[in-house]
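Below is one structure, written out as structure tokens; the observations come after it.
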Amino acid sequence: MKKRLLSLMLTMGLGLSMLVGCGTTETASNSTQGGGSSSGSASGEIEVGIVLPTKDEPRWLQDQAQFEAILDDAGFTNQVLFSQGSSATEKTNVETLIAKGIKVLIICPQDATAAAAAVEEAKEAGVTVISYDRLITDTEAVDYYTTFDSFSVGVAQGQYLIDNAEGTNIPLYIYTGAATDNNAFIFFEGAWSVLEPKVADGTFVIANSDKAESFVGAGELTRDDEAQILGQTTTNWDFDTAKKLAEANLTAASADLKGDVAILAPNDGTGRAIADAFAADSDITSYIVTGQDSEKASVQYIIDGKQSMTVFKDTRTLAADSVAMALAVLKGESVPTTTTYNNGVIDVPAKQTDVVVVTKDNVKAALIDSGYYEASDFEGLE
Ligand code: BGC
């Protein structure tokens with residue numbers, strides 16, 4: 001895995017260094033919708049525009065840092081804008097970037113369907129659209145998609161709970177991401193694929209969703225079925241919503257749903273909020289809780305024993321893949337893809353990246369030795 005990543009980075013580096021000098025490296029500061037940063041030409045023209053969902057989650061700041069490093073190194077004029085949780089701001093950001101002459105738009109949608117209008121505008125302006133991490137749905141205006149293997153993320157989370165919970169009738173609390181995010185469904189599908197048989201056989205008892213309970217033994221779920229489960233378990237990717245929902249679930253739970261419990265939390269930010277709520281309940285004797293993104297705060301939680309695992313999604317690889325696609329487009333070469341994802345209307349050519357499970361045992365190897373973080377970022381790391 002490490003070897004593959006290294007060779008990918010080397011290939012990228014080679015491709016990029018060949019193109020150094022194509023753009024100017026002059027840095028221009030600017031104030032834009034939702035905030036952001038840019039490295040633009042004297043004329044204000046931008047070649048590659050990037051739109052990310054929010055600055056308020058460390059996950060997307062990691063992506064921003066990777067994009068800027070790679071594109072600046074390659075001498076490409078670029079600008080990163082944040083939508084701050086608003087599809088309207090997202091659309092304005094896309095329009096701002098179109099007006100600056102971008103050739104390629106790399107966009108992680110705030111809302112999978114609402115983003116369609118923004119990218120359709122970009123396509124009409126002759127821009128190549130790359131959907132980043134989250135798929136934009138119900139439109140033909142998506143050229144490419146770069147993504148992690150989101151189904152595997154959910155499987156890893158569910159399997160971790162299975163491998164680490166002891167006994168039978170273990171209360172299982174389920175939390176999910178935002179229903180406006182296609183990934184939230186895929187993460188849940190992955191987790192459900194391994195957890196559902198373990199509910200059916202009596203290892204777990206679902207503690208906070210009678211909808212999920214009602215689908216045990218029902219076979220493959222439709223999007224509508226899943227939407228009903230998300231309706232009861234969504235955190236909306238928001239820390240406060242996650243904490244309040246966990247607190248409400250704990251208040252409503254009977255004594256047999258307390259004690260030693262397992263918690264499927266969809267990502268690190270919501271996982272920490274949910275973990276805090278469970279830690280504060282005196283009737284909870286222990287909890288296992290999942291996450292994803294390897295955010296610094298969660299890595300510290302893992303070192304401190306407050307979060308059990310995270311799924312490392314190496315943003316260096318995803319940003320590098322997206323930039324490789326952008327470069328191919330700009331050079332008129334064929335674009336590297338490995339699979340396709342159906343977005344409800346078309347099969348979008350995609351490049352998918354593997355993920356790595358991180359626990360206390362391999363935190364150093366996965367995140368420090370790979371150069372993703374510095375050991376000094378954390379306390380108590382052995
Ligand atoms: C991303 C996750 C992220 C979540 C909330 C998902 O689409 O894949 O990495 O934690 O959104 O921002």
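Numbering of ligands and ligand atoms starts at 1, following listing order.
Without hydrogens or angle criteria, Q157 side chain to P266 main chain gives a donor-acceptor distance under 3.5 Å.
Looking only at side-chain heavy atoms (C-beta outward), D133 and W60 come within less than 4.5 Å of each other.
Applying the 4.0 Å criterion to heavy atoms of N183 picks out, from ligand 1, the atoms 6 (C), 7 (O), 8 (O). In summary, the atoms of ligand 1 found under 4.0 Å from a heavy atom of N267, numbered by their order in the structure, are 3 (C), 4 (C), 5 (C), 10 (O). Of all atoms in ligand 1, numbered sequentially from 1 with element shown, those under 4.0 Å from a heavy atom of K313 are 1 (C), 2 (C), 8 (O), 9 (O). Of all atoms in ligand 1, numbered sequentially from 1 with element shown, those under 4.0 Å from a heavy atom of R59 are 1 (C), 2 (C), 8 (O), 9 (O).
Under 4.0 Å is where a charged nitrogen must lie from a carboxylate oxygen, and between K123 and E140 no such pair does. Here D369 pairs with K364 in a salt bridge; the nearest charged N to carboxylate O distance falls below 4.0 Å. A salt bridge does not link D321 to R316: none of the charged side-chain nitrogens sits closer than 4.0 Å to a carboxylate oxygen. Looking at D201 and K198, a side-chain N of the basic residue comes within less than 4.0 Å of a carboxylate O on the acidic one, giving a salt bridge.
Ranking the protein heavy atoms by distance from atom 4 (C) of ligand 1 puts W237 CE2, 3.5 Å first. With hydrogens left out, the protein atom closest to atom 10 (O) of ligand 1 is D293 OD2, 2.6 Å, a heavy atom. In terms of protein heavy-atom proximity, atom 12 (O) of ligand 1 is nearest to E57 OE1, 2.6 Å. With hydrogens left out, the protein atom closest to atom 11 (O) of ligand 1 is R134 NH2, 2.9 Å, a heavy atom. Remark: minimum distance from atom 6 (C) of ligand 1 to any protein heavy atom is reached at D181 OD2, 3.3 Å.
D181 and W237 form a side-chain donor-acceptor contact under 3.5 Å, judged by distance and modelled atom types alone.
Contacts of D133 with ligand 1, taken as heavy-atom pairs under 4.0 Å, involve the side chain alone. If you look at F187 next to ligand 1, the close heavy atoms, those under 4.0 Å, all belong to the side chain. Counting heavy atoms closer than 4.0 Å to ligand 1, residue W60 contributes side-chain atoms (C-beta onward) but none from N, CA, C or O.
In this structure, K306 is positioned above the aromatic face of Y301, its NZ or CZ under 6.0 Å from the six-membered ring centre and within 45° of the axis.
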